[in-house]
Amino acid sequence: LHQSVHFEESEDGEQFVMFEKAPVENKMALMKSLIAYEEGTCWKARLGADCNLTKENYIFDIPVWLTDESTRDKKFIRLTNKLFILKLISSGAQPSMAMEDKHNLKDNKELQPLLVFGPPTIFPIFEAQNSHNYRFIKAFSSQVSLHQFLTQQKVDPSSIQAILCNPVQKVTADAIRLLPSLRIIVTSSAGTDHIDLVECSRHSIQVVSAAGDHAGDVADMAVGLLLDVVCKISAADRHVRKWGPSMPFNLSFGSKLKGKRVGIVGLGKIGTAVAERLEAFGCKMMYNSRNEKPFVSYPFYSNVVELAGDSDVLVLCCSLNEETRHMVNREVMLALGKNGFIVNVGRGALIDEKELVQCLMEGEIGGAGLDVFENEPIVPNDLFALDNVVLSPHASSFTSNGFNECCKLAAEALQVFFSSN
Ligand SMILES: O=CC(=O)O
């Protein structure tokens, strides 16, 4: 999705969103997100002028009146890997904010500078929707220190009041100290472990999580990973791809989710959503949390080793901080046991990853479903060879609804901040 998008106007005054060169999958993903965001708006798409196509096949003529999923997909299938332009043709609904304000575009120098770290996965969409409000200073594209980068870009550090970020790039104490006017950091994630919160509070900087209510998406992923590793779905898939007369069926048995005792570590919104889903599968829930929750009927364990000892599955949903770093260590994994499973949708460093790999290879635990890793994007090679492990690239909140909501929340948080300052 990392590509640039900007607005253009044709000679006859028509307004376009221009997508620059990028792989077609990215364009399609971005376009789908835009379309999902623009529900009810009619779009027309056509190829960009540099495609050297004749007038006849130049225009796609796909007014995208959004009706249902099946028609959406059919329409996008026809896009090619050339440049293309989206054109807003008419609409009963409100045009997008970006389009509406096209004529009010301020001079670039008058726009509020917004320092972008990461970049957040939502950034291409956020940028397209908010380029009329902000001058984006893309620190994520730089290989040099923030100080050098700002100097190169001729940006005065004291002009920066806001950062948009996500867990890909840390907002360190040094970065914060470099920006004397910094007042707000908006992160597109639920977790804030990539931001030096102590330094923020020292300088009275607000930290806003714009993740929205994506607990359901993350919980779906947790349950998916658990089902996959318990029922061996990915292992079976790999097996089928090699299956044939010369390769007999030799898949080991999966097991049953029903009746499993599941210890949720971190019974916040995500943990609760996981528990609700797993109850429907007939699992028996218990939990560990900073404090016992008075209105929760599941048994509470203040000690994770004891929780692991009484569980068949541990699902990690808590945030990462100095107390929770490596909370799942070898002792916890041995307590969970040879038939036990771990699912991690929190942060990689909640588990001592070296010990996890060791325990998986030695058969000290039964399997793992992992959406997060200690040193992303580096994943221990040993995991790739294990059939009892299911891996996902920190993608539990990658749904188009989640993206759009997150963009909206980030934009609102910044708008409220700038309009009250
Ligand atoms: O990892 C994702 C998040 O914290 O939202």
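Note: hydrogens, waters and symmetry copies are ignored here, and every other heavy atom, side chains too, is used. Counting starts at 1 for both ligands and their atoms, in listed order. Each residue takes its place number in the sequence, starting with 1.
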Close-range residues for ligand 1, whose non-hydrogen atoms fall below the 4.0 Å threshold: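 Shell around ligand 1 (4.0 Å, heavy atoms): Ser189, Ala190, Gly191, His214, Arg347, His394.
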
Closest contact, heavy atoms only, Leu146 versus Ala175: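 Looking at all heavy atoms of both residues, the shortest contact is CD2-CB, 3.8 Å.
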
Is Arg347 paired with Glu376 through a side-chain N to carboxylate O contact shorter than 4.0 Å?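 Answer for the salt bridge query: no.
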
Can Glu405 and Lys408 be counted as an ion pair, charged N to O under 4.0 angstrom?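 Salt bridge between Glu405 and Lys408, a charged N being under 4.0 Å from a carboxylate O: no.
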
Return yes when atom CG of Asn339 has more than 12 non-hydrogen atoms of other residues, nucleotides or ligands closer than 6.0 Å, and no otherwise.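 Counting other residues, nucleotides and ligands, CG of Asn339 stays at 12 neighbours or fewer.
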
Could you tell me whether Tyr134 and Phe418 have their ring centroids closer than 6.0 angstrom?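 Centroid separation for Tyr134 and Phe418: below 6.0 Å.
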
Output every pair passing ring-ring contact (aromatic ring centres under 6.0 Å, His included) with a member in residues 300-357, not counting sequence neighbours, ordered by first then second residue.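 As it turns out, the ring-ring contact (aromatic ring centres under 6.0 Å, His included) pairs with a partner in residues 300-357, which skip direct neighbours, are Tyr287-Phe300.
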
